[in-house]
Novice: 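I have a structure I would like to understand better, so I am pasting it below and will then ask my questions one at a time.
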Number of protein chains: 2
Amino acid sequence: MKKYGQQCPLARALDVIGERWSLLVVRELLLGPRRYTDLLDGLPGIPTNLLASRLKELQAAGIVARRMLPRPTAVAVYELTEIGRALRPALAELRAWGQRYGPEPDEADAIQPAWVLLSGSGRPTGLPAGRTVELRIDTESFQLGTDGSLLTVTGGPAPVPDATITMSAETLYRLMTGETTSAPTLRQATVDGDPDTARLAIDTLHGALTGTAGNDRDKGHHAPVRLT
Amino acid sequence: MKKYGQQCPLARALDVIGERWSLLVVRELLLGPRRYTDLLDGLPGIPTNLLASRLKELQAAGIVARRMLPRPTAVAVYELTEIGRALRPALAELRAWGQRYGPEPDEADAIQPAWVLLSGSGRPTGLPAGRTVELRIDTESFQLGTDGSLLTVTGGPAPVPDATITMSAETLYRLMTGETTSAPTLRQATVDGDPDTARLAIDTLHGALTGTAGNDRDKGHHAPVRLT
DNA sequence: CCGAATCCTGGTAGATACTG
DNA sequence: CAGTATCTACCAGGATTCGG
């Protein structure tokens, strides 16, 4: 890529992740290792040659690593390195800004549960450490956990979840925009396992798309999420 | 600009500030209102037509406002709106990441005092609220202040500074990379006004280019700043 | 001198087809 | 499934010109 040629930390960061699609690739990988075609699905609109280019550039920058899954599933997956995971706070701030001040979303735009779920990542949660919840949205699975005080969100099914919650994408969006609270959400969802744990997870997600970066200041100025 | 067409807060943010040079324009304006030619100077390498385009796009997005300076200096300046200033935390995170993990700076790259000074912005400072310091680097002036606990950095001379510090760019870089401490820096600088206030400001800047986002964890892994 | 608009060239994005 | 190859259109980069 063309470099800025400026000895400024910000410019040097943009030299590596400033190109089109780069940060969105990182966004996808924040949920965990992904195969090439998974990335294509998660990045609607990206030309396949660009995805290949970006993955190579991100590998060269040490942000992404390509790894072969162990037998018997001998497929290649891409995952974030420690350097790549270090971008999480920056992405969270950009996401928070986009939430509050970004352009109004177009109804024709694509939307995926993973994108809105990521806004729940990093929120303070009452979920006890070590407790995990599997969240199933339509056919996709996500894993909710905590580092002790903050919510973590990863993709893929949980090995041994304390609770499994199944709900539709619509129900999830309404919960996270604050349009509905936990109680009606629970009525429209199916819970398997410990109901209290499920309730804690759902409470953490409630209203995650309002306010800024997980803090609940200045509710009401957020751009509403439109359903497709 | 070409939009991503994704109803994701991050993608919507990038729709507006994801283009080449956009965030660097915001970086320049974080120091205060700037004229068109000041921006050209602060963004070495940008073609003038691109700067004009970016400024128009940023105005359309409500991030930047164009204003006419009052008499007698009837010139146009560009400045950040509240929406634009809200990008500061995101830029700080990106800058911190670039500092720690970005590519090694090239010796041929341009460097400006303002870029490294911005890394001092947001650091915890012992400077009392209301106290301001004018920092003169070669021919440029900057204003250091605080919101009570965190350092603020703006461009231009301070109206009534409690202290004025003059030093060379080299001395500033050595101070901020942690290569020298406050004492030798003060010996190479000229201080006018209250020496204690000057010392507090210099202490805040010391080592700002090490560690992450103003926190001083994991010193020593930073990329060194090279002088031109 | 400030604040651009214009022209030209080369590279990159976007779309699609194709291959190991 | 995981990319590579090919083509077109547009955008970035550079220089020059033009109007306050």
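Here is how names work: the chains are called A, B, and so on, in the same order as the sequence lines, proteins then strands, and each is numbered from 1.
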Novice: Using a 4.0 Å cut-off on heavy atoms, which residues in residues 31-46 of chain A reach DNA chain C? List them by number, or say none.
Specialist: A/Gly45

Novice: A/Val77 or B/Thr48: which one's nearest nucleotide on DNA chain D is closer to the 5' end?
Specialist: A/Val77

Novice: Say whether B/Gln188 and B/Thr171, considering side chains only, have a donor N or O and an acceptor N or O under 3.5 Å apart.
Specialist: yes

Novice: Would you kindly give the CH2-to-P distance between A/Trp21 and C/dT12, to the nearest whole Å?
Specialist: 18 Å

Novice: Centre of B/Tyr4's six-membered ring, under 6.0 Å away, within 45 degrees of the axis: is that where NZ or CZ of A/Arg20 sits?
Specialist: yes

Novice: C/dA4, OP1 or OP2 - any side-chain N/O from B/Arg66 closer than 4.0 Å?
Specialist: yes

Novice: Under 4.0 Å: is that the gap between some side-chain N or O of A/Lys56 and OP1 or OP2 of D/dA2?
Specialist: no

Novice: Taking all heavy atoms of B/Leu31 and all of B/Ala114, pick out the closest pair and write down the distance.
Specialist: CD1-CB, 3.4 Å

Novice: What residues form a salt bridge (charged side-chain N to carboxylate O under 4.0 Å, His left out) with B/Asp38, not counting sequence neighbours?
Specialist: B/Arg35

Novice: Would you list the protein and nucleotides 6-10 of chain D atom pairs, both N or O, that sit under 3.5 Å from each other?
Specialist:
{"from": "D/dT6", "atom 1": "O4", "to": "A/Asn49", "atom 2": "ND2", "distance (Å)": "3.2"}

Novice: Over how many whole Å does the gap from B/Lys2 atom NZ to C/dA15 atom C1' extend?
Specialist: 10 Å

Novice: I need the CG-P distance between B/Leu24 and D/dG13, as an integer number of Å.
Specialist: 11 Å

Novice: For the pair made of CD in A/Gln59 and P in D/dA2, what is the distance, rounded to whole Å?
Specialist: 14 Å

Novice: Measure CG/A/Leu51 against C1'/C/dT12 and give the value in whole Å, please.
Specialist: 16 Å

Novice: Please state how far atom CD in A/Gln6 lies from atom P in D/dG13, giving the value in whole angstrom units.
Specialist: 11 Å

Novice: Go through the steps for B/Tyr78 and B/Arg66 under the test side chain to side chain donor-acceptor pair (under 3.5 Å), then give the verdict.
Specialist: CA-CA 5 Å; B/Tyr78 297 88; B/Arg66 185 189 145 115; 3.2 Å; yes

Novice: Would you mind reading off the distance between A/Tyr78 atom OH and D/dC1 atom P, rounded to a whole angstrom?
Specialist: 15 Å

Novice: Do any side-chain nitrogens or oxygens of B/Arg20 fall under 4.0 Å of OP1 or OP2 in C/dT12?
Specialist: no

Novice: Roughly how many Å is it from CG in B/Leu55 to C1' in C/dG3, rounded to a whole number?
Specialist: 10 Å

Novice: Roughly how far apart are A/Ile17 CD1 and B/Leu94 CG, rounded to 0.5 Å?
Specialist: 5.0 Å

Novice: Take B/Arg54 and B/Gln59 through the side chain to side chain donor-acceptor pair (under 3.5 Å) test and state the conclusion after the steps.
Specialist: CA-CA 8 Å; B/Arg54 292 297 171 267; B/Gln59 286 178 71; over 6 Å; no

Novice: Want to settle it: does B/Pro47 or A/Val75 sit nearer the 5' end of DNA chain D, counting the closest nucleotide to each?
Specialist: A/Val75

Novice: Once you round to the nearest 0.5 Å, how far does CD of A/Gln6 lie from CD1 of B/Ile111?
Specialist: 10.5 Å

Novice: So how far is it from B/Thr164 OG1 to B/Glu134 CD, rounded to the nearest 0.5 Å?
Specialist: 5.0 Å

